[in-house]
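For reference, the structure discussed in these notes is given below.
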Amino acid sequence: MGVEGGMKCVKFLLFFFNFIFWLCGLALIVVGILVQMALHKTFMIRDPSASGAPIVLIGVGVVIFFIAFFGCCGAWKENYCMVTTFAILLSLIIIVEIAAAIAGYIFRNKLSAVVQDSLTDMINSYKNGTAEFKDTVDKLQEDLKCCGVNSSSDWRSFTSEGNSVPDSCCLNVTAKCGIGSMTNPAKVYQKGCHDAVEELLKKNIQWVIVAALVIAFLQIMGIVFACLLMRGIRSGYEVM
């Protein structure tokens, strides 16, 4: 009876962990989409390598979402084949997540150069950009209280006179407040957006890493419970 009781506990723990996996899969999809939107819409990061980690997160989230089905059904019906499939697929997912973590770490090391290039492209495209593009750039500068890439002087090509910046660079945003005020610290932020964007992205990457570690721990526990249940099923114990 001791082993039977233990197997019952493992069975319901595995079922519970699969519900957690389902939530984790949903969370990964949401986080991946938010990171992708932040990189390419909010921060205008156009480097293709930046998309690697969020796309992997979305893909892994979708797969986990469906893998949880095998775990739940296998645990509830005590189906050796389904529990084994669940354990194998979950192991593969952990390997993919490790690859994504490595990709994220590599991207983190080249983040400064990517932000520099992306913000430079942003400024060069601003004058002839769409209204939506300009609104995004303006919101970025207003929210981060910055101007240009490294300084307000990066906007020298904004007008033919070379001494004006977008109104979003102003300390107090009003119509035409940036005209002729490029180097005026009383009116315009002199600090560029590079450092602020890089710091914000690094902070977001750290949260993603923490979330990934928590999910990986839950997945390892799920594999352990799956293996215990597989052993119990294979030994012919009744766990219902």
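Only heavy atoms go into these numbers, but all of them, side chains included; no hydrogens, no water, no symmetry mates. When a residue number appears, it is its place in the shown sequence, counting from 1.
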Indicate, with yes or no, if [Y] and [X] share a hydrophobic cluster defined by side-chain heavy-atom contacts under 4.5 Å among Ile, Leu, Val, Met, Phe, Trp and Tyr.
X: Tyr189; Y: Ile123; answer: no
X: Phe158; Y: Leu171; answer: no
X: Val224; Y: Phe16; answer: yes
X: Val165; Y: Val173; answer: no

Residue pair [X] / [Y]: nearest heavy atoms and the distance that separates them:
X: Gly162; Y: Met182; result: O-CE, 3.6 Å
X: Gln141; Y: Ser168; result: NE2-OG, 2.8 Å
X: Lys187; Y: Cys177; result: CD-O, 4.4 Å

So Thr174 and Asp167, side-chain contact (heavy atoms from CB on, under 4.5 Å) or not? Walk me through it.
CA-CA 7 Å; Thr174 56; Asp167 294 340; over 6 Å; no
With rounding to the nearest 0.5 Å, note down the distance linking [atom1] in [X] to [atom2] in [Y].
X: Arg231; Y: Cys227; atom1: CZ; atom2: SG; result: 11.0 Å
X: Asp135; Y: Leu140; atom1: CG; atom2: CG; result: 12.5 Å
X: Asp143; Y: Asp138; atom1: CG; atom2: CG; result: 10.5 Å
X: Leu119; Y: Asn124; atom1: CG; atom2: CG; result: 11.0 Å
X: Leu144; Y: His194; atom1: CG; atom2: NE2; result: 13.0 Å
X: Trp155; Y: Ser164; atom1: CH2; atom2: OG; result: 12.0 Å

One pair to check against side-chain contact (heavy atoms from CB on, under 4.5 Å): Asn163 and Thr183. What are the steps and the verdict?
CA-CA 7 Å; Asn163 62 351; Thr183 57; over 6 Å; no
Hey, can you tell me if Tyr126 and Phe133 have their rings parallel, tilted or perpendicular (30° and 60° cut-offs)?
tilted
Answer whether the closest heavy-atom distance between the side chains of Gln116 and Asn150 falls below 4.5 Å.
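Heavy-atom side-chain distance check passes, below 4.5 Å.
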Any heavy-atom pair between the side chains of Phe217 and Met221 that's under 4.5 Å?
yes
Using atom types as modelled and distance alone, determine if a side-chain donor or acceptor of Ser181 lies under 3.5 Å from a backbone N or O of Ile179.
yes
With sequence neighbours excluded, what pairs up with Thr84 under the side-chain contact (heavy atoms from CB on, under 4.5 Å) test?
Tyr80, Ile88, Met230
Below 2.5 Å, is that where the SG pair of Cys193 and Cys146 sits?
yes
Could you check Val137, Asp154, Asp117, Val149 and say which one makes a side-chain contact (heavy atoms from CB on, under 4.5 Å) with Met122?
Val137
Gln190 side chain to Ser152 side chain, donor-acceptor N/O pair below 3.5 angstrom
yes
